[in-house]
2 protein chains.
Amino acid sequence: MRPILMRMVSKLTTDTGAEQRIRQLLEGAGVRCTRQRLLLASIVLHRKQHLSAEQVLAFANRARQVVSKATVYNTLGLFARMGLVREVIVDPQRTFYDSNVTEHHHIYNEDDGTLTDVGQDEFRIEGLPTLPPGTEVHGVDVIVRVRTRPA
Amino acid sequence: MRPILMRMVSKLTTDTGAEQRIRQLLEGAGVRCTRQRLLLASIVLHRKQHLSAEQVLAFANRARQVVSKATVYNTLGLFARMGLVREVIVDPQRTFYDSNVTEHHHIYNEDDGTLTDVGQDEFRIEGLPTLPPGTEVHGVDVIVRVRTRPA
DNA sequence: ATTGGTGCAAAGGATTTGCAGTCTA
DNA sequence: TAGACTGCAAATCCTTTGCACCAAT
């Protein structure tokens, strides 16, 4: 999580009003507030979870709010670039958006498509490999792929 | 790598003739030999490398061989299920096929789309997380995401 | 000849782009 | 009002499916 957001979140926990909190989160991340963005942020950032774009759209529709598919994609992509959510790439068919932006890893159930968090303390990576010349680490993803055990 | 293939590969190193070697690899994996499969196998298994489906198709075309895009996808998927190659999922836009099926991890350059292998000895994972009930580990992917360092 | 498998054209589906509309300063 | 930004329809592009064909028994 970017330090500025980290501070933001803790500061905001004392505020009242969910929408006001969301507004400040977006503004703090340099994202202009619009009706659609507020809606999508309230869906995604509401709690720690992993949602696909499709799922986010479904939630929006369920709330009888009008948002186009493209806006969902564009907005989630924006949130990701701004550090409000983290993209999790485990399946070529769909990108997941993780509202937990602290460092952690994932367990992916290939049978039912479920993502589960793994705390950093549950396991660690020892050492970093030699990087290609002229590059710097942007992130490390660890994905434990599991399958439902046969009966 | 599945043991049966491991044995196969070492046995085959004494054979002469690239095509014959490929034929035996495919048959050993339970894959029937066809013109297209032999071509695609010769492209992909020729040496340790990471290729996207698009790249494999480009190589096939360069060799003036006729293969459809769908056949490339279907065949690479088949090879993956049979353990001849390993799918590497690092970018929602394209799946990479890795001819190195021994346990190892990857460095992915998000700027130029380059994949690099990391030997298991270069770094290790300590401990395994608690798995969701009723599941078993199918594999562990580690991806070090790097970017070209700004000038 | 039958049957299971194979290969490709067309379909499917997630994601991105181009432009008209909207909001801010 | 100027200026930039936003949001959506349509386009794009990777991947899968459905069906005609082929190979082995």
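A note on names: the letters A, B, ... follow the listed sequences, proteins ahead of strands, and every chain is numbered from 1. Just so it is clear, the model here is predicted, and its values are computed rather than measured.
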* To do: Could you list who else is in A:V90's hydrophobic cluster, with ILVMFWY side chains joined at under 4.5 Å, directly or through other members?
  =>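 Joined to A:V90, directly or through intermediates: A:V88, A:F96, A:Y108, A:L115, A:I143, B:V88, B:V90, B:F96, B:Y108, B:L115, B:I143.
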Nearest-Å distance, [atom1] ([X]) to [atom2] ([N])?
X     : N      : atom1 : atom2 : value
A:Q36 : D:dA9  : CD    : P     : 11 Å
A:Q55 : C:dT15 : CD    : P     : 12 Å
A:L40 : D:dG7  : CG    : P     : 9 Å
A:D91 : D:dT16 : CG    : P     : 10 Å
A:L39 : D:dC8  : CG    : C1'   : 15 Å
A:L57 : C:dG13 : CG    : C1'   : 14 Å
A:N74 : D:dA11 : CG    : C1'   : 14 Å
B:M82 : C:dT6  : CE    : C1'   : 13 Å

* Asked: With distance as the sole criterion, is a donor-acceptor pair present between the side chains of A:N100 and A:H50 under 3.5 Å?
  ->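 No donor-acceptor contact under 3.5 Å links the two side chains.
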Is the phosphate of [N], meaning OP1 or OP2, less than 4.0 Å from a side-chain N or O of [X]?
X     : N      : answer
A:K69 : C:dA14 : yes
B:R37 : C:dG7  : yes
A:R35 : C:dT22 : no
A:T34 : C:dT22 : no
A:T95 : C:dT15 : yes
A:T71 : D:dG7  : no
A:R32 : C:dT24 : no

* Within-4.5 Å side-chain heavy-atom neighbours: B:R37 and B:V31 ->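 Yes. Closest side-chain heavy atoms under 4.5 Å.
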* Asked: So do A:I89 and A:D141 actually touch side chain to side chain, heavy atoms under 4.5 Å?
  ->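 With C-beta onward as the side chain, the pair stays apart.
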* Minimum-distance pair of heavy atoms, taken over all atoms of B:T135 and A:R149 ->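 So the two residues come closest at O-NH2, 3.4 Å.
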* Asked: More 5' along DNA chain C: B:V31 or B:P92, using each one's nearest nucleotide?
  ->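 Looking at the nearest nucleotide for each, B:V31 comes out on the 5' side.
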